[in-house]
Amino acid sequence: MQQFSRKENFLIANTLNCVPFLLQGHSILIDLRNECSVAGCIDNADGHMNIHLTNAVFINRMGQQVAFDQFMVHERMIRQIHLPSDVDMSSDIRTWCDKGCLKRPLRSNAGVRGQKRTFKQKRAQERHKEILQELEKKRTEEK
């Protein structure tokens, strides 16, 4: 299990920075801000959305391809992440939220052994559920 800082935990739980984290092990295509693209398998992703790819292919503006064993994409260079067609991201995010997002032990209050969610955890789960509802609404409108 990867250890994240407090800021990374916050970003993963409260934004869509969880997407590359959940796609670890999948092959994806990333469009970069400089009109180039990178395709490869996500080996590792952190809370700031920096992505480490293995068996990557860099495609420049002219369409020329260069193969790399490892390639790192910084967060500020990402324009778009193309999701694989075989992955249902909405169900993945939903199950991840149901598990508790960050997989860390919950705090106990004043010696009580009952596990209660903190306000931030509740708010993060509610935001993810709202985003999922919007995605499902758009998907049904497209069909």
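Only this structure's heavy atoms are used, side chains among them; waters, hydrogens and symmetry mates stay out. Model, not experiment: these values are computed from the prediction.
Here Thr15 pairs with Leu11, Asn17 under the side chain to side chain contact (heavy atoms under 4.5 Å, CB included) rule; sequence neighbours left out. Judged as a ring pair (Phe, Tyr, Trp, His ring centres under 6.0 Å), and not counting sequence neighbours, the contacts of Phe71 are Phe58, Phe68. When the side-chain hydrogen bond (donor to acceptor under 3.5 Å, both in side chains) test is applied to Gln64, the partners found at least two apart in sequence or on another chain are Asn60. The salt bridge (Lys or Arg N to Asp or Glu O under 4.0 Å) test applied to Glu136 returns Arg94, not counting sequence neighbours. Residues passing the side chain to side chain contact (heavy atoms under 4.5 Å, CB included) test with Lys120 are Thr118, Arg123, sequence neighbours excluded. Residues satisfying the side-chain hydrogen bond (donor to acceptor under 3.5 Å, both in side chains) test with His48, not counting sequence neighbours, are none. In this structure, the salt bridge (Lys or Arg N to Asp or Glu O under 4.0 Å) partners of Asp88, at least two apart in sequence or on a different chain, are Arg139. For Glu35, the side chain to side chain contact (heavy atoms under 4.5 Å, CB included) test picks out Arg61, Arg79, with sequence neighbours left out. Partners of Met72 under the side chain to side chain contact (heavy atoms under 4.5 Å, CB included) rule, at least two apart in sequence or in another chain, are Asn50, His52, His74.
Counting non-hydrogen atoms of other residues, nucleotides and ligands closer than 6.0 Å to CG of Asn34 gives a total above 12. The local environment of CD in Gln70 is sparse, with at most 12 non-hydrogen atoms from other residues, nucleotides or ligands closer than 6.0 Å.
Annotation for Ile78 and Met49: closest pair CD1-O, 3.5 Å, computed over non-hydrogen atoms. Nearest heavy atoms, Ile51 versus Pro20: CD1-CB, 3.8 Å. Residues Pro84 and Ser27 come closest through the heavy atom pair CG-O, 3.5 Å.
The distance from atom CD of Gln133 to atom NZ of Lys137, rounded to the nearest 0.5 Å, is 9.5 Å. Distance CE/Met62 to SG/Cys36: 9.5 Å, rounded to 0.5 Å. Residue Leu23 holds its CG atom at 7.5 Å from CD1 of Ile81, rounded to the nearest 0.5 Å. Here the straight-line distance linking atom CG of Asn44 with atom CZ of Phe21 works out to 9.0 Å at 0.5 Å rounding. Atom CG of residue Leu16 and atom CZ of residue Arg127 lie 11.5 Å apart, to the nearest 0.5 angstrom.
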Problem - Pair Met77-Ile30, side chain to side chain contact (heavy atoms under 4.5 Å, CB included): steps then yes or no - result: CA-CA 10 Å; Met77 291 301 297; Ile30 301 174; over 6 Å; no
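Connectivity analysis of hydrophobic side chains (ILVMFWY, heavy atoms under 4.5 Å, direct or indirect) links Ile59 to Val57.
With a 4.5 Å cut-off on side-chain heavy atoms, Val73 and Leu53 count as touching. Contact check for Ile93 versus Ile131: no side-chain heavy atoms found under the 4.5 Å cut-off. Looking at heavy atoms from C-beta onward, Leu32 lies out of side-chain contact with Ser37 at the 4.5 angstrom threshold. By the 4.5 Å heavy-atom criterion applied to side chains, Glu8 and Asp46 are counted as neighbours. Side-chain contact between Ser91 and Leu132 is absent, with no heavy atoms from C-beta onward closer than 4.5 Å.
Thr54 and Asp43 share no side-chain donor-acceptor pair at under 3.5 Å.
Connection of Val87 to Val38 is established within a shared hydrophobic cluster, with ILVMFWY side chains joined at heavy-atom distances below 4.5 Å, either directly or through further cluster members.
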